[in-house]
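For reference, the structure discussed in these notes is given below.
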Amino acid sequence: MSSYTIVDETVLEKLRAVCGAENVKADEKTLKAFSHDKVAEEKYAHRPDVAVFPGSTEEVAAIMKLANELRLPVTPRGGGSGLSGGAVPVAGGIVLSLERMNRIIEIDTDNLFAVVEPGVITKELDGELKKHNLFFAGYPMSEEICHLAGNVAENAGGGRAVKYGVTGRYVLGLEVVTPEGLTLNLGGKRVKDVTGYNLISLFTGSEGTLGVFTKLYIKLLPRPKHRLALFGFLPTPLTLNKVLPALLADPEVQPSSIEFMDSLCIESVKQTAPKSDVEITPGGAILVEVDGPTLAQIEAELQRVEQILTAHGVSGIRKAESEDHLEEVWKVRKQVPWALMRIAPHQSLEDISVPVSTIPAMLDEIRDVSSRYDVPIPCFGHAGDGNLHATPLKPEAMSVEVWLETLPKLLSELYVKAAGLGGTISGEHGIGHKRSSYMKLVLGDAERDIMRRIKRAIDPNNIMNPGKILVDED
Ligand SMILES: Cc1cc2nc3c(=O)[nH]c(=O)nc-3n(C[C@H](O)[C@H](O)[C@H](O)COP(=O)(O)OP(=O)(O)OC[C@H]3O[C@@H](n4cnc5c(N)ncnc54)[C@H](O)[C@@H]3O)c2cc1C
């Protein structure tokens with residue numbers, strides 16, 4: 001990695017002059033809190049030298065100009081819920097927390113847009129939109145803790161992407177401060193725009209490596225009036241082979257979620273929430289949600305979903321007969337990542353993405369790798385999108401040293417298998433620090449080279465979130 005300037009008292013003074021002394025923090029507690037995201041392993045943690053909390057675009061631009069002039073690394077940070085080490089300052093320097101820039105600037109009910117600052121918590125926007133019967137459809141399932149800019153930076157997906165797509169589909173305007181401190185205004189409240197290169201798409205999913213988002217224009221949809229869901233047990237995970245195409249191609253239904261969790265995931269929920277009345281069955285479970293404008297329409301859709309599932313041997317079906325019961329149906333699925341984190345602090349929550357039809361083959365590969373390495377790999381996720389959260393867990397009997405040696409080999413195998421099926425290593429959590437060394441398994445020299453050249457053109461001094469996506473030695 002390039003050599004950077006050390007953050008000393010002179011640098012701190014300059015930062016205080018931009019943001020005010022109270023918004024420049026270098027105490028132990030703050031630095032420790034900002035040294036990690038939600039990636040489990042401590043080896044991915046790294047302390048910043050200072051955390052800075054700007055309050056405006058002008059302050060962000062001034063910080064970036066200073067950092068570029070002095071060669072200080074800057075890592076933008078949202079809610080810190082990332083699962084790839086993206087917000088972790090691996091080269092030290094400045095963590096730029098956007099949490100003070102948390103205003104919903106406007107909800108434009110005529111053009112169906114929300115204009116927001118980067119640090120708005122995703123669920124809070126949803127709360128406001130609900131009052132206007134509107135919604136932002138590309139939200140991730142961590143909506144209570146993540147920020148909208150973090151969603152854009154990761155191009156997050158979520159539980160409803162099968163019908164509504166991912167965050168990027170709804171980002172039609174961005175204000176971005178570049179690593180050199182220029183403020184770019186891209187797009188806006190317009191649905192169509194082909195004026196030059198699509199820089200919004202380039203910045204979306206750039207994981208804080210190309211610029212800092214300071215304002216977002218999010219396209220909204222009318223809020224579906226009704227939602228219903230059902231949950232049932234698969235005879236075997238292989239049944240997904242038939243169930244998924246049947247659900248996805250049926251002209252009478254358009255599911256808004258199709259989620260899968262295997263028996264190990266359900267077992268983990270039972271272990272951590274013993275009162276849970278869900279059964280553990282070898283085939284795992286499927287959850288399907290539908291939404292729409294009238295109750296009659298989605299009741300008919302749900303009935304059709306039930307017919308399809310029953311025809312493929314899905315049993316023990318529970319239905320949310322009204323929206324009040326929806327949370328109950330979703331409870332087990334939502335608890336899975338937290339239950340796995342509690343059971344195994346040493347783990348690796350993955351998000352392999354494969355063509356939907358290859359999910360059963362990928363599940364077979366996961367079982368094979370699991371048994372050869374003798375490492376449990378529970379698997380859950382957004383089956384309707386082919387996005388699987390395979391989660392290797394350190395077995396109790398394995399030492400941490402052996403685990404840390406084993407994990408990269410195991411992950412390489414999983415990633416190569418996914419690529420062999422036409423898939424890739426990350427569908428929504430991003431590459432960050434955690435997966436950067438695996439990029440060459442799925443992207444060729446030419447693709448990585450063009451990415452590197454784009455990065456160099458926008459960030460010539462490599463100060464913007466260095467050490468992410470593409471590693472130096474790569
Ligand atoms: C229980 C759980 C469930 C999850 N479910 C999902 C899911 O369903 N779908 C999904 O996609 N993800 C999911 N995630 C992962 C994570 O929540 C998302 O990636 C989320 O979008 C990250 O947002 P954040 O604000 O926490 O970003 P952070 O973790 O703070 O940062 C993520 C990246 O965004 C960059 N960034 C942050 N703010 C800015 C900015 N203003 N400008 C430029 N770059 C910026 C950072 O540098 C970093 O690279 C889940 C995580 C957990 C813990």
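All ligand and atom numbering here is 1-based and tracks the order in the structure.
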_Applying the side chain to side chain contact (heavy atoms under 4.5 Å, CB included) criterion to V305, which one of L228, V243, V253 satisfies it?_
V253

*salt bridge (charged side-chain N to carboxylate O under 4.0 Å, His left out) involving R190 - partner list, sequence neighbours excluded*: D193

_Within the protein, residues bringing a heavy atom under 4.0 Å of ligand 1, chain by chain_ = K38, P76, R77, G78, G79, G80, S81, G82, L83, G86, A87, L98, P118, P140, M141, S142, C146, H147, A149, G150, N151, A153, E154, A156, G157, G158, E207, G208, G211, V212, F213, W338, H382, E428, H429, N465

*Are any non-hydrogen side-chain atoms of Y415 and T424 less than 4.5 angstrom apart?*
no

*Atom CD1 of I469 and atom OG of S206: how far apart are they, to the nearest 0.5 Å?*
6.5 Å

*Within the distance-only criterion (no hydrogens, no angle test), does the side chain of T358 pair as donor or acceptor with the backbone N or O of V354 below 3.5 angstrom?*
no

*Examine distances only and state if a side-chain atom of H46 and a backbone atom of P89 form a donor-acceptor pair shorter than 3.5 Å.*
yes

